[in-house]
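In what follows, every heavy atom counts, from backbone to side chain, and hydrogens, waters and symmetry copies are set aside. Read the numbers this way: they start at 1 and go in the same order the structure lists the ligands and their atoms. Treat the numbers as computed from the prediction; the structure is a model and nothing was measured.
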Amino acid sequence: MTLFSAPADPWSHRTRLVLAEKGIDIEIVSVTPGSLPEDLLDLNPDHSLPTLVDRDLVLYDSRVIIEYLDERFPHPPLMPADPVTRAQFRLALYRIERDWYGALEQMDREEDRRQLPRLRKILLDMILQGVELFQLKPFFLSEEFSLVDATLAPVLWRLPQYQIELPPRAQPILKYESRIYSRPAFRSALSGVERSMRR
Ligand SMILES: N[C@@H](CCC(=O)N[C@@H](CS)C(=O)NCC(=O)O)C(=O)O
């Protein structure tokens, strides 16, 4: 199996994190966004990263990839078993992708730097809205690490890079971050660029 991944991209980051949590043996090919290799351009009509190649199967869009990985490599499971909790986790994934990842993309796209403080505040406010949810269980609404944690963590990890500082009342999130970041799988999934985001 091969994963084409961008070293600084949060969508690629969550995919690498799922691979590491499951201990999947895979070749990770680091690709520079905007200059994708010819073989990848042929394989993925969306020309996007991450892209997973598993023999004849080519998958893109990180959600499609991580859900495939969770089914193809069921241990440890990264989604709850019962349909109601699964649906709630899927809804959480949808909202984090739309709101949190959407906010990062908006900041990346913004050409007028004067807009950045407003955009930073929008993301910070969204993160703080859920602060009490982070203190209910060791992981996000779960006793076990899940796809939701793999999706939240790449955004939280990038906050200093976007000059967003969590205030003292975000203590439950800071503690949650320490739990996630100390996991060996989290450390091993980081690219060099990502490691330098928090030095
Ligand atoms: N929703 C997609 C978003 C992927 C995405 O935006 N990837 C960026 C990573 S930099 C990309 O492929 N950009 C185009 C390029 O690198 O040429 C996913 O989850 O995979």
Side-chain angles (χ1 to χ4, degrees), residues 1-22 24 26-54 56-73 78-79 86-111 115-116 119-120 122-123 126-127 140 145-164 180 185-186 189-198:
M1 266 199 325
T2 304
L3 181 79
F4 292 92
S5 154
D9 163 42
W11 306 101
S12 296
H13 188 177
R14 79 161 166 172
T15 311
R16 282 183 266 114
L17 194 42
V18 168
L19 288 164
E21 286 286 344
K22 286 181 176 281
I24 298 168
I26 188 168
E27 182 194 13
I28 295 185
V29 178
S30 289
V31 173
T32 308
S35 94
L36 308 188
E38 220 37 68
D39 50 346
L40 180 54
L41 293 174
D42 290 341
L43 288 169
N44 174 349
D46 265 20
H47 298 174
S48 65
L49 299 163
T51 300
L52 180 87
V53 183
D54 186 6
D56 289 339
L57 178 69
V58 178
L59 295 178
Y60 45 91
D61 189 89
S62 57
R63 172 88 85 90
V64 174
I65 298 173
I66 62 177
E67 290 190 340
Y68 169 70
L69 292 172
D70 198 34
E71 289 172 6
R72 166 99 155 72
F73 302 91
L78 297 185
M79 281 293 270
R86 276 175 90 81
Q88 287 166 336
F89 274 42
R90 285 215 167 91
L91 185 60
L93 289 172
Y94 166 72
R95 293 190 55 181
I96 300 158
E97 290 163 3
R98 186 193 59 187
D99 298 343
W100 294 27
Y101 282 66
L104 293 188
E105 287 178 340
Q106 217 182 334
M107 284 190 274
D108 291 342
R109 273 198 311 267
E110 183 55 67
E111 285 171 5
Q115 298 300 326
L116 289 178
L119 297 175
R120 287 184 192 118
I122 290 173
L123 176 56
M126 286 191 293
I127 293 171
F140 192 79
F145 185 95
S146 81
L147 294 186
V148 178
D149 301 297
T151 301
L152 289 168
V155 179
L156 295 172
W157 181 258
R158 282 163 175 72
L159 294 183
Q161 200 208 355
Y162 285 87
Q163 294 167 41
I164 296 173
I180 300 287
F186 186 86
L190 288 172
S191 67
V193 186
E194 284 161 352
R195 235 171 261 125
S196 68
M197 288 175 184
R198 280 204 175 230

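- Remark: the backbone N or O of F140 is paired with a side-chain donor or acceptor of D149 at under 3.5 angstrom.
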Measure and list all N/O to N/O distances between ligand 1 and the protein that fall under 3.5 angstrom.
unit_1: ligand 1; atom_1: 1 (N); unit_2: D61; atom_2: OD1; d: 3.2
unit_1: ligand 1; atom_1: 7 (N); unit_2: L49; atom_2: O; d: 2.8
unit_1: ligand 1; atom_1: 12 (O); unit_2: L49; atom_2: N; d: 2.8
unit_1: ligand 1; atom_1: 16 (O); unit_2: G34; atom_2: N; d: 3.4
unit_1: ligand 1; atom_1: 17 (O); unit_2: G34; atom_2: N; d: 3.0
unit_1: ligand 1; atom_1: 19 (O); unit_2: S62; atom_2: N; d: 3.0
unit_1: ligand 1; atom_1: 19 (O); unit_2: S62; atom_2: OG; d: 2.5
unit_1: ligand 1; atom_1: 20 (O); unit_2: S62; atom_2: N; d: 2.9

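- The backbone N or O of S5 lies less than 3.5 Å from no partner atom in the side chain of S12, so there is not a single donor-acceptor pair.
- Side chain of R16 to backbone of A189: a donor-acceptor contact under 3.5 angstrom is found.
- Counting heavy-atom neighbours within 6.0 Å of R72 CZ, excluding the residue itself, gives a total above 12.
- The pair E67-R90 meets the salt-bridge criterion, since a charged nitrogen lies less than 4.0 angstrom from a carboxylate oxygen.
- Between the side chain of R14 and the backbone N or O of L147, no donor-acceptor pair lies under 3.5 Å.
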